[in-house]
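Report on the following structure.
The residues of the chain are indexed from 1 along the displayed sequence. Quick caveat, the model's predicted, so the values are computed rather than measured. Atoms within each ligand, like the ligands themselves, are counted from 1 in listed order. Note: hydrogens, waters and symmetry copies are ignored here, and every other heavy atom, side chains too, is used.
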Amino acid sequence: MSNEKFIIESNDVHLYYGKNEALKGVSLNFKPKEITALIGPSGCGKSTFLRTLNRMNDLIPDVTITGNVKFEDKEIYSPKMDTVELRKKVGMVFQQPNPFPFSIYENVAYGLKIAGMKDKAKIDAIVEESLKKAAVWEDVKDKLHKSALSLSGGQQQRVCIARVLAIEPSVILLDEPTSALDPISSAKIENMLLELKKDYTMIIVTHNMQQASRISDNTAFFLNGHLIEYGETRQIFTRPKEKETDDYISGRFG
Ligand SMILES: Nc1ncnc2c1ncn2[C@@H]1O[C@H](COP(=O)(O)OP(=O)(O)OP(=O)(O)O)[C@@H](O)[C@H]1O
Ligand SMILES: [Mg+2]
């Protein structure tokens, strides 16, 4: 069934690592150009769920997944799905900045070159545009050919976001993207994400409640492999319906 309101739909997703059931029937849909925060205590399945949305769990041995996930109305676990294309459209940013040990320029140009783009002027333009969108251009424009590893953690993370943007995703998955960063770098990334919301759908895992309430439109609270509650962020943080959500956001556990 098509539903144009959502860019990603997941329905009754169960995921097992070997015999251990890490997701116990999660159904959650995402509207385009909104930011959704995934919150919940350590081990509740946030990263696992995030990875089901672009099939990153495929890379982990002995994983079994049941249920459905659709991206733009197409079943992503269908054998016909091209996972390379899927991961371009549904890009991912990790907790630890993970630039390649190449220059800043080569990091951002990498995906374009892999895709066969040869026009240097075009690549230059996309690199610049992506670094600007990722709010790191001013920091790096005079040293594009220096190693990305010479940058600060916050700059590296923004270069990693530029690397994802260069390949024109429509959805960006972010797994605790600022938890390794200082507050100023985190604030820069939060502001950038709010700016990017004009053009992208974002799903962000965070342990930082203030961050979730500052930047997200919707919040999903996970506990022990279950989606306990989903709603508008303001509602979740001010009037949660479930006792477990209330306990978590008020710091009684987690
Ligand atoms: N690669 C893996 N192999 C086996 N079990 C895993 C793997 N990754 C996660 N798990 C297990 O799945 C469950 C959910 O883990 P997950 O990493 O999704 O939690 P999380 O909510 O992201 O936690 P955190 O906040 O600590 O990052 C945990 O019990 C974890 O031990
Ligand atoms: Mg995690």
Side-chain angles (χ1 to χ4, degrees), residues 8 10-30 35-69 76-77 83 86-87 90-98 153 156-157 160-161 164 171-181 183 185-186 189-190 193 202-216 218-231 233 236-237 240 242-254:
I8 293 185
S10 66
N11 185 30
D12 196 26
V13 175
H14 293 253
L15 183 144
Y16 303 80
Y17 294 109
K19 292 201 166 66
N20 175 31
E21 188 177 17
L23 296 176
K24 300 171 179 166
V26 175
S27 302
L28 185 55
N29 299 333
F30 301 92
I35 300 182
T36 302
L38 309 183
I39 65 168
S42 187
C44 68
K46 303 177 299 294
S47 298
T48 299
F49 179 70
L50 197 70
R51 289 193 300 261
T52 63
L53 306 180
N54 69 348
R55 290 189 53 174
M56 289 294 272
N57 291 308
D58 288 18
L59 310 174
I60 302 171
D62 204 18
V63 165
T64 311
I65 301 172
T66 65
N68 305 89
V69 181
I76 74 163
Y77 288 95
T83 53
L86 173 69
R87 292 183 195 132
V90 185
M92 193 151 192
V93 177
F94 300 88
Q95 178 172 13
Q96 288 297 333
N98 60 348
Q156 288 186 20
Q157 191 64 304
C160 291
I161 293 171
V164 169
V171 178
I172 308 173
L173 310 176
L174 303 117
D175 195 348
E176 302 189 47
T178 65
S179 66
L181 306 178
S185 300
S186 299
I189 290 189
E190 285 184 15
L193 298 179
M202 285 174 279
I203 305 169
I204 180 169
V205 172
T206 180
H207 278 279
N208 181 328
M209 299 296 123
Q210 285 77 26
Q211 178 170 74
S213 55
R214 277 193 298 264
I215 69 172
S216 69
N218 312 297
T219 295
F221 171 61
F222 284 74
L223 185 62
N224 190 24
H226 294 280
L227 172 63
I228 301 292
E229 185 167 355
Y230 168 81
T233 295
I236 296 283
F237 283 100
E242 304 297 332
K243 180 174 184 308
E244 289 104 322
T245 316
D246 197 11
D247 286 349
Y248 182 70
I249 60 170
S250 54
R252 280 192 282 276
F253 71 89

Subject >> Atoms in ligand 1 flagged as close to A22, the criterion being non-hydrogen separation under 4.0 Å >> reply: 12 (O), 13 (C)

**OP:** Check Y230, Y248, F237 against F221 for a ring pair (Phe, Tyr, Trp, His ring centres under 6.0 Å) and give me the one that passes.
**Re:** Y248

Original post:
Considering only heavy atoms from C-beta outward, does the side chain of M56 approach that of L173 to under 4.5 Å?
Top reply: no

**OP:** Please tell me if the side chains of F49 and L28 come closer than 4.5 Å, counting only heavy atoms from C-beta onward.
**Re:** yes

**OP:** Provide, to 0.1 Å, the distance between atom 23 (O) of ligand 1 and the closest protein heavy atom, together with that atom's residue and name.
**Re:** G43 N, 2.8 Å

**OP:** Check whether any side-chain heavy atom of T52 sits under 4.5 Å from a side-chain heavy atom of V26, and report yes or no.
**Re:** no

Original post:
Quick one: are I189 and L181 in side-chain contact, heavy atoms under 4.5 Å?
Top reply: yes

Original post:
Does the N or O separation between C44 and ligand 1 drop below 3.5 Å for any pair?
Top reply: yes

Original post:
Could any protein non-hydrogen atom be found less than 4.0 Å from atom 31 (O) of ligand 1?
Top reply: no

Original post:
Any donor and acceptor pair, going by atom type alone, linking the side chain of S216 with main-chain N or O of T233 inside 3.5 Å?
Top reply: no

Original post:
Are any non-hydrogen side-chain atoms of L53 and V171 less than 4.5 angstrom apart?
Top reply: no

Original post:
At what distance is the nearest protein heavy atom to atom 27 (O) of ligand 1, and which residue and atom is it?
Top reply: E176 OE2, 3.6 Å

Original post:
Where is the nearest protein heavy atom to atom 17 (O) of ligand 1: which residue, which atom, and how far?
Top reply: S47 CB, 3.9 Å

Original post:
Are any of the side-chain heavy atoms of Y77 and T66 separated by less than 4.5 Å?
Top reply: no

**OP:** Answer yes or no: is there a side-chain heavy-atom contact under 4.5 Å between T178 and T206?
**Re:** no

Original post:
Nearest to atom 24 (P) of ligand 1, what protein heavy atom do you find, and at what distance?
Top reply: S42 OG, 3.7 Å

Original post:
Does some side-chain heavy atom of Y17 sit less than 4.5 Å from a side-chain heavy atom of V63?
Top reply: yes

Original post:
Checking Q157 side chain against F94 main chain: does a donor-acceptor pair fall under 3.5 Å?
Top reply: yes

**OP:** For atom 18 (O) of ligand 1, find the nearest protein heavy atom and state the residue, atom name and distance (0.1 Å precision).
**Re:** T48 OG1, 2.5 Å

**OP:** Report the nearest protein non-hydrogen atom to atom 1 (N) of ligand 1: residue, atom name, distance rounded to 0.1 Å.
**Re:** I60 CG2, 3.6 Å

**OP:** Can you check the number of protein N/O/S atoms within less than 2.8 Å of the Mg ion (ligand 2)?
**Re:** 1

Original post:
Within the distance-only criterion (no hydrogens, no angle test), does the side chain of N54 pair as donor or acceptor with the backbone N or O of L86 below 3.5 angstrom?
Top reply: no

**OP:** Give the residue and atom name of whichever protein heavy atom lies nearest to atom 3 (N) of ligand 1, and the separation in Å to one decimal.
**Re:** Y17 CD2, 3.6 Å

Subject >> G40 near ligand 1 by a heavy-atom separation under 4.0 Å >> reply: no

**OP:** Kindly state if atom 11 (C) of ligand 1 has a protein heavy atom within a strict 4.0 Å cut-off, that is, under 4.0 Å?
**Re:** yes

